[in-house]
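Report on the structure given below.
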Amino acid sequence: MKRKPKAQGPIAPKAIKELKKQSNQKILNLRDYRDAKITAENLEKTIINPEKLRDYDPLHAIYIYARNKLSVWIFTAMTAWTANSPS
């Protein structure tokens with residue numbers, strides 16, 4: 001018996017549906033994977049370096065890092081979502 005993942009909010013069910021659709025494809029475009037990897041590496045470089053956070057209170061440094069990482073992730077997700085949305 002497979003358990004369905006619990007989806008929170010209006011975005012999660014759509015994201016889960018899209019991931020299932022992508023994972024069921026028979027033909028894979030390797031160029032898309034390569035481009036996605038390059039994009040992910042470039043985005044990872046934009047995230048603040050933990051070494052720069054040494055002067056902050058540790059709890060505040062964690063907050064800064066998490067907020068920065070989350071904003072990059074949300075930007076990526078929204079960019080991908082709008083690119084795949086029908087016009």
Completion exercise
On a heavy-atom basis, the closest approach of Val72 and Ile47 is CG2-CG1, 3.9 Å

Practice task
Before giving the answer on side chain to side chain contact (heavy atoms under 4.5 Å, CB included), spell out for Thr46 and Asn42 the whole-Å C-alpha distance, their side-chain angles and the decisive distance to 0.1 Å.
Solution key: CA-CA 7 Å; Thr46 66; Asn42 290 336; over 6 Å; no

Practice task
Answer yes or no: does atom CG of Leu59 have more than 12 heavy-atom neighbours from other residues, nucleotides or ligands under 6.0 Å?
Solution key: no

Completion exercise
When rounded to the nearest 0.5 Å, the distance separating NZ of Lys37 from CD of Glu44 is 13.0 Å

Handout entry: Co-membership, hydrophobic cluster, residues Leu43 and Ile64, 4.5 Å side-chain
Key = yes

Practice task
List the atom of His60, the atom of Tyr56, and the distance in Å for their closest heavy-atom pair.
Solution key: CD2-CD2, 3.5 Å

Handout entry: Approximate separation, where rounding is to 0.5 Å, of Asn49 CG and Tyr65 OH
Key = 9.0 Å

